[in-house]
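Notes follow the structure.
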Amino acid sequence: GQNIDQPTEMTATEGAIVQINCTYQTSGFNGLFWYQQHAGEAPTFLSYNVLDGLEEKGRFSSFLSRSKGYSYLLLKELQMKDSASYLCAVRDKVTGGGNKLTFGTGTQLKVEL
Amino acid sequence: NAGVTQTPKFRILKIGQSMTLQCTQDMNHNYMYWYRQDPGMGLKLIYYSVGAGITDKGEVPNGYNVSRSTTEDFPLRLELAAPSQTSVYFCASSYGRGTGNTIYFGEGSWLTVV
């Protein structure tokens, strides 16, 4: 199984940079996902890491260290619309492929003026 | 492109009633999933399917049943609804093999059991 830990909530200022951390303990690891979820909506895919290092995609970057069981999501040039919950999810090694994800409880980010 | 479509969006059930949440996807994904999300919590996997005719239990399957007669459809059945099943339910789908396969979620179904 998986155990995923991320902060419950964070507050940041518009235009600033924020880093959301995620630590995990796993019996099998096959990648880590970050999803964004606005209130009352479905999660939407942000990033995926399976190898150590930084993946950059516009204002969003995600980092993974498999040896430390650690990932972070970095959001730059924060905008008000970035206020949302950010979910860290770890993928199990599943026989036959597929994406059996275990989700953390999410980090509620509030962006203020 | 419709993606993953689930119905109904909102439903109130009485304790002991049964209902089916419908889910269909038009992306020809072979993998489909049902998750539930309780307030302030992460998503928990109820059931998943790796292809038509094949289903398997996830983390919290008790009180639910699924079937997968076609690639497109993956309905979730609640038998004898209980207040503990009050939650938001998300259906999702993905391609099966290879790394980095994104899971696409439906818009969610809000279920209240009273």
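First the proteins, then the strands, lettered A, B, ... as listed; each starts at 1.
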Exercise. Start with the C-alpha gap between L101(A) and L45(B), add the side-chain angles, then the distance that decides, and say whether side-chain contact (heavy atoms from CB on, under 4.5 Å) holds.
Key: CA-CA 8 Å; L101(A) 295 184; L45(B) 183 64; over 6 Å; no
Quiz item: Can Y47(B) be reached from V88(B) by stepping across I, L, V, M, F, W or Y side chains whose heavy atoms are under 4.5 Å apart?
Solution: no
Quiz item: So with a 6.0 Å cut-off around CD1 of I12(B), is the heavy-atom count from everything else above 12?
Solution: no
Self-check item: Minimum-distance pair of heavy atoms, taken over all atoms of G106(B) and A42(A)
Solution: O-CB, 2.9 Å
Quiz item: Hey, are the side chains of F105(B) and F45(A) touching, using non-hydrogen atoms and a 4.5 Å cut-off?
Solution: no
Exercise. Count the heavy atoms belonging to other residues, nucleotides or ligands that lie under 6.0 Å from CD of E79(B), then report whether that count exceeds 12.
Key: yes
Quiz item: Can you hop from I17(A) to L113(A) via hydrophobic side chains spaced under 4.5 Å?
Solution: no
Quiz item: Does a sphere of radius 6.0 Å around CD in E14(A) hold more than 12 heavy atoms from other residues, nucleotides or ligands, not counting ones at 6.0 Å or beyond?
Solution: yes
Quiz item: Take atom NZ in K14(B); do more than 12 heavy atoms of anything else shown fall under 6.0 Å from it?
Solution: no
Exercise. Mind jotting down which residue pairs meet the ring pair (Phe, Tyr, Trp, His ring centres under 6.0 Å) criterion with at least one end in residues 10-29 of chain B? Sequence neighbours excluded, please.
Key: F10(B)-W110(B), H29(B)-Y95(B), H29(B)-Y104(B)
Exercise. Report the distance from atom CG of D38(B) to atom OG1 of T105(A), rounding to the nearest 0.5 Å.
Key: 12.0 Å
Quiz item: Going only through I, L, V, M, F, W and Y residues with side-chain contacts under 4.5 Å, is there a path from F74(B) to I103(B)?
Solution: no
Self-check item: Segment of Q37(A) engaging chain B (4.5 angstrom heavy-atom cut-off)
Solution: side chain
Exercise. Could you check L43(B) against Y35(A) for side-chain contact (heavy atoms from CB on, under 4.5 Å), going step by step and ending with a plain yes or no?
Key: CA-CA 11 Å; L43(B) 288 88; Y35(A) 278 81; over 6 Å; no
Quiz item: Does V50(B) share a hydrophobic cluster with I46(B), counting links as ILVMFWY side-chain heavy atoms below 4.5 Å and allowing steps through other members?
Solution: no
Quiz item: Under 6.0 Å between ring centres, would you say that holds for Y35(B) and F103(A)?
Solution: yes
Quiz item: Looking only at heavy atoms, which of residues 16-25 of chain B get nearer than 4.5 Å to chain A?
Solution: none
Self-check item: Contact summary for F90(B) and P43(A), nearest pair of heavy atoms
Solution: CE2-CD, 4.1 Å
Quiz item: Any chain of hydrophobic side-chain contacts (each under 4.5 Å) joining M80(A) to V18(A)?
Solution: yes
Practice problem: May I ask you to name which of Q37(B), E107(B), E59(B) has the most heavy-atom pairs under 4.5 Å with chain A? | Solution: Q37(B)
